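A quick write-up on the structure given underneath.
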There are 2 protein chains.
Amino acid sequence: MSARKKILDAALQEMSAKGADATSLRMIADAVGIKTPSIMYHFPTKDALRKAVLEEQLSRWNDVLPTLIMATSRDGNGRFEALTAELSKFFLEEPARARLIMRELMDRPEEMQLYLNRYIAPWIQLIAEQVQLARSKGNVSGDVDATAFVWVMVTSVMANAALAESIRLEPIAESGPTTQTHTPRLTQELIRMARSSLFSSPLEPHHSQKGESSYHGKLFKR
Amino acid sequence: MSARKKILDAALQEMSAKGADATSLRMIADAVGIKTPSIMYHFPTKDALRKAVLEEQLSRWNDVLPTLIMATSRDGNGRFEALTAELSKFFLEEPARARLIMRELMDRPEEMQLYLNRYIAPWIQLIAEQVQLARSKGNVSGDVDATAFVWVMVTSVMANAALAESIRLEPIAESGPTTQTHTPRLTQELIRMARSSLFSSPLEPHHSQKGESSYHGKLFKR
DNA sequence: CCTACCGATCGGTAGG
DNA sequence: CCTACCGATCGGTAGG
């Protein structure tokens with residue numbers, strides 16, 4: 001593996017664990033087994049290294065994109081469930097990825113706007129259009145905000161992966177043989193929610209009982 | 001306002017913006033209008049200040065707890081929608097709160113385990129029991145994992161609030177008069193999802209079409 | 001609450 | 001890729 005790649009990998013781990021601004025070049029150099037000036041040969045500044053790490057991870061969206069588009073454009077009821085499942089796989093296979101992106105979104109919101117627009121927003125819109133299409137066909141509840149739905153699922157799955165090490169629920173003792181590589185409970189529930197929250201015409205009408213529905217209006221009056 | 005409180009407030013803002021480890025005492029001192037040694041008079045170390053800020057925010061859960069318990073123990077269909085709405089209010093009224101907790105969960109997972117167990121886990125379990133009760137009455141879908149559901153909603157609402165400044169969707173041009181203080185779209189959708197994802201017996205059966213359901217098994221085999 | 005100061009560590013450079 | 005070194009900033013202390 002090239003020295004550059006080794007540095008990128010170590011930087012991803014360190015920066016995702018403590019945040020880029022709280023990670024020193026020395027920590028990264030130690031992890032690789034070199035001295036800090038050697039890092040400067042491959043990357044002109046610390047900030048350039050941070051950006052390289054970030055852009056490498058963001059560009060990985062392209063790996064899941066085909067699967068994602070294919071799954072959601074296909075017909076059938078499981079397709080938006082598949083969206084959440086694939087998304088979970090993408091983040092859980094490298095938890096440092098989820099943490100890094102979450103951190104950068106909080107550390108540098110303005111800079112991340114640009115990256116979101118370039119790497120992520122376009123295909124979120126594409127998938128949202130699939131949801132919208134299903135909605136117009138009546139396969140999906142009419143009060144779903146398609147674009148907001150996809151964004152919520154992405155951020156929720158990402159946050160879930162980022163916090164996976166901090167929030168651990170014990171697996172439920174279930175009947176049947178032990179499944180070795182089990183999907184974590186939070187992820188499993190998130191996938192279930194994605195599916196069931198899209199179903200059209202739920203049993204209860206939207207405005208259910210007198211005056212106790214619709215918190216939207218009275219919520220933020222303070 | 002006491003000097004101590006001024007320091008705590010400034011520290012919350014700075015630490016939530018850049019992370020505690022990337023925030024210097026000088027940044028906090030400047031925000032308050034004092035010098036760094038003056039901070040050390042009120043807090044013995046930087047770490048003690050960080051813990052004081054964190055514990056102050058975590059203890060605020062007690063403010064919403066009564067409302068939360070009351071809303072979810074009440075009967076009616078809007079109660080779990082109310083859970084999400086109240087939770088959103090709690091985090092959105094002070095976005096720094098959501099960011100700080102998200103960051104600490106990533107920075108110091110082991111330390112946060114203790115705080116979660118002390119401040120949050122008990123009443124999450126309490127609300128989960130309400131969901132479980134509604135489930136056994138048939139008011140809530142049978143395949144809901146009650147505990148996981150509440151945790152997912154808490155983390156999702158928190159992440160949504162933490163990223164509110166980075167991810168902005170334009171409000172949808174809707175009929176009717178302009179609502180001045182509108183609930184953001186992502187939050188609105190999150191509330192809708194909480195409600196609709198709990199409904200029992202959705203139109204489609206769980207295992208819908210031949211072989212394309214249940215991603216749980218085949219998801220993580222790689 | 002301040003000034004003055006401490007050793008340690010930071011990102012980065014010079015020169016090889 | 002290294003050693004040697006730079007000025008700046010870090011958390012924290014002494015003393016008032």
Side-chain angles (χ1 to χ4, degrees), chain A residues 1-57 96 99-100 103-104 106-112 115, chain B residues 1-57 96 99-100 103-104 106-112 115:
Chain A
M1 187 161 53
S2 76
R4 188 191 151 90
K5 182 79 176 89
K6 273 190 216 159
I7 295 170
L8 279 173
D9 286 357
L12 169 63
Q13 295 306 323
E14 300 293 330
M15 289 180 169
S16 70
K18 288 286 170 189
D21 298 328
T23 302
S24 66
L25 292 174
R26 188 165 197 285
M27 293 162 66
I28 298 165
D30 283 353
V32 178
I34 55 176
K35 304 291 177 181
T36 44
S38 303
I39 294 181
M40 312 308 280
Y41 172 78
H42 297 280
F43 302 92
T45 61
K46 184 192 176 186
D47 205 59
L49 171 57
R50 176 187 64 79
K51 278 181 178 152
V53 171
L54 177 62
E55 281 170 21
E56 195 204 19
Q57 292 307 314
R99 288 196 302 265
L100 185 88
R103 286 184 187 282
E104 288 296 320
M106 292 190 284
D107 288 353
R108 281 162 279 273
E110 337 73 39
E111 181 188 308
M112 284 303 280
Y115 285 118
Chain B
M1 187 161 55
S2 75
R4 188 191 150 90
K5 182 81 175 90
K6 272 191 216 161
I7 294 170
L8 279 173
D9 285 358
L12 170 62
Q13 295 306 323
E14 300 293 330
M15 288 180 170
S16 70
K18 288 287 170 188
D21 298 328
T23 301
S24 66
L25 292 174
R26 187 165 197 283
M27 293 163 66
I28 298 165
D30 283 353
V32 178
I34 56 177
K35 304 292 178 182
T36 44
S38 303
I39 294 181
M40 311 308 282
Y41 172 78
H42 297 279
F43 302 92
T45 61
K46 184 192 176 185
D47 205 59
L49 171 57
R50 177 188 63 79
K51 278 182 177 152
V53 171
L54 177 61
E55 282 170 20
E56 194 204 20
Q57 292 306 313
R99 287 197 303 264
L100 185 88
R103 285 184 186 283
E104 288 295 320
M106 292 190 284
D107 288 352
R108 280 163 279 273
E110 335 73 38
E111 181 188 309
M112 285 303 281
Y115 284 118

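So you know, we letter chains A, B, ... as the sequences are listed, proteins then strands, and number each from 1. Note that the structure is a prediction, hence the values are computed from the model and not measured.
Side-chain nitrogen and oxygen atoms of B:S24 include at least one within less than 4.0 Å of the OP1 or OP2 phosphate oxygen of D:dC10.
Taking atom CZ on B:R4 and atom P on C:dC1, their separation rounds to 13 Å, with Å as the unit. Atom-to-atom, CG of B:L25 to P of D:dT13 comes out at 11 Å; the value is rounded to the nearest Å. When rounded to the nearest whole Å, the span between NZ of A:K46 and C1' of C:dG11 equals 8 Å. At whole-Å resolution of the value, CE in B:M15 and C1' in D:dC10 are 13 Å apart. For the pair A:K18 NZ and C:dC10 C1', the computed distance is 17 Å after rounding to whole Å. Computed from coordinates, the A:M40 CE to C:dA14 C1' distance equals 13 Å when rounded to whole Å. Atom C1' of nucleotide D:dC10 and atom CZ of B:R26 are separated by 11 Å, given to the nearest angstrom. Atom NE2 in B:H42 sits about 4 Å away from atom P in C:dC1, given to the nearest Å.
Salt bridge absent: B:D9 and B:K6 never bring a charged side-chain N and a carboxylate O closer than 4.0 Å. A salt bridge between B:R103 and A:D107 is present, with a side-chain N of the basic residue lying under 4.0 Å from a carboxylate O of the acidic one. Salt bridge annotation for A:D21-A:R108: present, with a cationic side-chain nitrogen under 4.0 angstrom from a carboxylate oxygen. The pair B:E55-B:K51 does not count as a salt bridge, with every side-chain nitrogen at least 4.0 angstrom from each carboxylate oxygen.
Of the candidates D:dC2, C:dC10, C:dC1, the closest approach to any side-chain atom of A:K35 belongs to D:dC2. For A:A3, taking side-chain heavy atoms from C-beta onward, the closest of the listed nucleotides D:dC1, C:dC10, C:dG12 is D:dC1. Set against D:dC2, D:dG12, C:dC1, the side chain of A:S38 has D:dC2 as its closest nucleotide. When distances are taken from the side chain of B:P37 to each of C:dA4, D:dT3, C:dG11, the shortest belongs to C:dA4.
Checking D:dC6 for Watson-Crick or G-U wobble geometry (two distances, each under 3.5 Å) identifies C:dG11 as its partner. Nucleotide D:dG16: paired with C:dC1 (Watson-Crick or G-U wobble, both distances less than 3.5 Å).
Within 4.0 Å (heavy atoms only), B:T36 reaches no atom of the nucleic acid at all.
The shortest side-chain heavy-atom distance between B:M112 and B:M106 does not fall under the 4.5 Å cut-off.
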